[in-house]
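All values below come from the heavy atoms of this structure, side chains included, with hydrogens, waters and symmetry mates left out.
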Amino acid sequence: MLSSLNTVRLLLALVLCVSAGMAGAQSFRVQCPSTTSLHGGPAYTADNGQTVTYVSNGGGIKCQQISGGDGYATMGDGTPTYLFGFGPLSGLADLANGQPGTQVPAVFNQNNLTAGGVVSSDIYIGAPVDQTSASVSAYGFNGAVGLVPDQLANTFDANGNPIRNCLGGNASDAACLTGHVDPRLIMDVGVMNANQPAPMMAIDEDDEFFLTLTNVGMVMRPDLFEQHTVHFHGYPNASAFYDGVPDASIAINIGGSFTYYYLAPDAGTYFWHCHISPPEHLQMGMVGQLYVRPRQNRVAPGASLYTALQNQQNDLRTKCGTDILCSSPVPPSNAVARAATGMYAYNDGDGSTHYDVEYPIQIHGFDPNFHFVGMTFNPEAFTDMKDKYFLLNGRSYPDTVAKGTMTTQSVDGTLHASQPVPTIINIPFNGRALLRISDLDVTEYQTLASVGVPMTVVGLNARLLRDLAGNNTAYQTNSITLAGGESIDVILDAAGLAVGQKFFLYTPNLDHLSNDAENFGGLMTEVNICNAVDPITKADPNAAPGTPCAAAQ
């Protein structure tokens, strides 16, 4: 017997297939080109008649696929809480391990069928949590869910013999993967798979980013025909068409997909959210993290940063002052990339934003009454909205320091990866940690304080702190306060601190240190000083199992 939720999945997939056959096309598609005119493409003629040739400025093509739907998350007191949210439909392995799900085309464009034409065992209902045998740590699929060979890509010679045969699971020819998807796979993975926060995205300056949103509907609220969009909050170069504000662009209906396109010229910490009925959809959880890495990371240690960054100005497609707005000026001609290791938050030219390990941290709050009403077909009291769960990356303390992916059992009886990103902060001895903090709480100002570990604010709202003369205006503090819709870049410096010391990053607003009626929770996490920290796993590879600096067991 199929469960009621699986029956809904099957019916929705059948409807999509039938409608696709009637219309001669599909509602669900993905898009991730391997080349464009900006990256790897041929020369072309611009509007002014000038021939533009490809000049490599170091960027690339990045892609991601997400679903818009609903699901559940577990609060710090153990309460399963209903939410509207975005779930992962690509990069599942990376997201399951707390990493961004953004992929290059060679990884994104993976066939979901085996050579025998059956669904790969790497795709699981409730992904990225395997419901059969493999553990989350063993999960390895980062491609686009649902991508299968397109029979319309078949080609034949003059005698009718196949030149390219895309039938079955044979995708040895990459031309068979045209963005055509199997909607059944999309529904199997995407339904009831909302994450909190939404799937993380990370790109590099000069990248072209193709983001596909597929609206799978909300099976817990069949009375709602909710559209969804993606809005990159504060992003300087999103055209109106791709900005996600439905008044000026478009919204995605249930059963449809749309691919957004962004060019990334400015480093910094941003965030993204649905722009349909924002007070409701943001409160219900449709918010996610986004950050852009600077060009300075690609410059060899000691090399001229000015020369490297000037490459952007040599290409009309990325030159500041034409179609691209660049708020951060090119550093002085004597600026060099300072450090031999680590990364930078911005193109600083002096190494002041250097860090060894980074932690994206999203502040959010849930009103349990609003979420309960949102699940039970009752009118929502917007004016009475009051958060009682206060979240860092979708978790309240002590769950903020729980390692690995948190799961929540859904109404179909399966575990779904509800909150994949822990917030435990490990800093290497004498090292520096970058905290990319964003606040998308819709009802409260939020404050975070660091006692014992010096805190330096280097960026605000995705802008490097510099005055008009280029002077460094970064400042030291022991707390930062953000309103909803703001972001801040903070560096914690462990210089002079001993290995094994533990500190806390927490809110001094005592009423926010609770999980609804349960005391001692909310906005708090732990900061550990470790011998070394791997920038990917965020753990000391040599730490003893069970210790604070060790990886998840």
Side-chain angles (χ1 to χ4, degrees), residues 72-85 196-197 271 273 278-287 289 359-375 380-402 406 408 418-419 421-425 435-453 455 457 460 477-488 490 492 502-527:
Y72 286 89
T74 302
M75 298 296 98
D77 59 359
T79 302
T81 300
Y82 177 69
L83 57 103
F84 304 165
Q196 180 60 26
F271 36 90
H273 60 85
E280 176 189 27
H281 286 209
L282 269 69
Q283 167 64 235
M284 294 298 291
M286 302 201 86
V287 293
Q289 301 175 8
Y359 295 91
I361 298 176
Q362 179 179 290
I363 304 174
H364 199 251
F366 276 179
D367 176 353
N369 295 325
F370 195 93
H371 283 251
F372 178 76
V373 168
M375 182 181 63
E380 297 162 326
F382 285 85
T383 57
D384 295 331
M385 194 184 296
K386 177 65 175 176
D387 291 343
K388 295 184 179 179
Y389 292 110
F390 302 96
L391 312 173
L392 297 175
N393 290 342
R395 310 184 188 191
S396 300
Y397 190 81
D399 290 339
T400 53
V401 298
M406 281 185 63
T408 303
S418 54
Q419 297 128 289
V421 185
T423 321
I424 187 168
I425 299 169
L435 308 186
R436 297 183 177 273
I437 304 173
S438 58
D439 183 7
L440 275 171
D441 194 312
V442 297
T443 70
E444 304 272 359
Y445 282 82
Q446 301 290 1
T447 299
L448 287 177
S450 172
V451 177
V453 184
M455 176 187 288
V457 178
L460 178 64
T477 183
N478 61 4
S479 69
I480 50 98
T481 298
L482 297 88
E486 291 189 314
S487 68
I488 194 166
V490 172
L492 297 182
K502 181 186 295 291
F503 302 89
F504 289 90
L505 183 70
Y506 68 99
T507 180
N509 300 337
L510 299 183
D511 58 334
H512 293 186
L513 285 173
S514 62
N515 302 324
D516 196 5
E518 179 183 85
N519 197 13
F520 194 62
L523 291 184
M524 183 163 67
T525 189
E526 298 173 4
V527 180

Student: Sequence neighbours excluded, which residues qualify as salt bridge (charged side-chain N to carboxylate O under 4.0 Å, His left out) partners of E486?
Tutor: none
Student: Can you name the ring-ring contact (aromatic ring centres under 6.0 Å, His included) partners of Y445, sequence neighbours left out?
Tutor: none
Student: I would like to know whether L513 and T507 meet side-chain contact (heavy atoms from CB on, under 4.5 Å); could you show each step before the answer?
Tutor: CA-CA 7 Å; L513 285 173; T507 180; 3.8 Å; yes
Student: Just jot down the side-chain contact (heavy atoms from CB on, under 4.5 Å) partners of D77, sequence neighbours excluded, or say none.
Tutor: M75, T79, Y389, N515, D516, E518
Student: So, for D399 and G76, which heavy atoms are closest and what is the spacing to 0.1 Å?
Tutor: OD2-CA, 3.6 Å
Student: Under the salt bridge (charged side-chain N to carboxylate O under 4.0 Å, His left out) test, which residues partner E526, sequence neighbours left out?
Tutor: K502
Student: Got a sec, which residues hit ring-ring contact (aromatic ring centres under 6.0 Å, His included) with H364, two or more places apart in sequence or on another chain?
Tutor: F366
Student: With no hydrogens and no angle check, just 3.5 Å: does a side-chain donor-acceptor pair link Q446 and N509?
Tutor: no
Student: Could I get the full list of side-chain contact (heavy atoms from CB on, under 4.5 Å) partners for P508, not counting sequence neighbours?
Tutor: T447, A449
Student: What's the shortest heavy-atom distance between P422 and N393, and which atoms?
Tutor: O-ND2, 3.6 Å
Student: Among all residues two or more places apart in sequence or in another chain, which pass the side-chain contact (heavy atoms from CB on, under 4.5 Å) test with L460?
Tutor: L465, I488
Student: Tell me if the CZ atom of F382 is crowded by more than 12 foreign heavy atoms within 6.0 Å.
Tutor: yes
Student: Please enumerate all residues that pass side-chain hydrogen bond (donor to acceptor under 3.5 Å, both in side chains) together with Y82, with sequence neighbours excluded.
Tutor: D70
Student: Does any non-hydrogen side-chain atom of D367 lie less than 4.5 Å from one of T443?
Tutor: no
Student: My understanding is that only residues two or more places apart in sequence, or in another chain, count here; which of them pass side-chain contact (heavy atoms from CB on, under 4.5 Å) with F520?
Tutor: Y397, M524
Student: Which pair of heavy atoms, one from Q289 and one from P360, lies closest together, and at what distance?
Tutor: OE1-CB, 2.9 Å
Student: To the nearest 0.5 Å, what is the distance between CZ on F84 and NE2 on H371?
Tutor: 9.0 Å
Student: For R436, enumerate each residue passing the side-chain hydrogen bond (donor to acceptor under 3.5 Å, both in side chains) test, keeping only those at least two apart in sequence or located in another chain.
Tutor: T269, E358
Student: Without swapping roles, check the side chain of Q419 against the backbone of M406 for a donor-acceptor pair under 3.5 Å.
Tutor: no
Student: Using the side-chain hydrogen bond (donor to acceptor under 3.5 Å, both in side chains) criterion, which residues pair with S450? Sequence neighbours excluded.
Tutor: none
Student: Side chains of V287 and Q196: does their closest heavy-atom pair fall under 4.5 Å?
Tutor: yes
Student: Can you name the nearest heavy-atom pair linking H273 to L282, along with the distance?
Tutor: ND1-CD1, 3.4 Å
Student: Output every pair passing salt bridge (charged side-chain N to carboxylate O under 4.0 Å, His left out) with a member in residues 437-449, not counting sequence neighbours, ordered by first then second residue.
Tutor: K386-E444
Student: Which value, rounded to the nearest 0.5 Å, describes the distance between K388 atom NZ and S514 atom OG?
Tutor: 9.5 Å
Student: Compare all side-chain heavy atoms of H512 with those of D387 and state whether any distance is below 4.5 angstrom.
Tutor: no
Student: Under a plain distance cut-off of 3.5 Å, with no hydrogens placed, do T423 and T525 share a side-chain donor-acceptor pair?
Tutor: no
Student: How many angstroms lie between CD1 in I425 and CD1 in I361, if you round to the nearest 0.5 Å?
Tutor: 4.0 Å
Student: When you compare the side chain of M286 with that of E280, does any pair of heavy atoms fall below 4.5 Å?
Tutor: no
Student: Quick check: closest heavy atoms across F271 and S487, and the distance to 0.1 Å?
Tutor: CE2-CB, 3.7 Å
Student: If I take atom CZ from residue R395 and atom CG from residue L523, how far apart are they, to the nearest 0.5 angstrom?
Tutor: 14.5 Å
Student: Hey, what do you get for OG (S438) to CD1 (I363), rounding to the nearest 0.5 Å?
Tutor: 7.5 Å
Student: For A73 versus L83, what's the shortest heavy-atom pair and its separation?
Tutor: CB-CD2, 3.4 Å
Student: If you define the side chain from C-beta out and look only at heavy atoms, does anything of V451 sit under 4.5 Å from N478?
Tutor: no
Student: Quick one: which of L392, L435, I424 gives a side-chain contact (heavy atoms from CB on, under 4.5 Å) with L505?
Tutor: L435
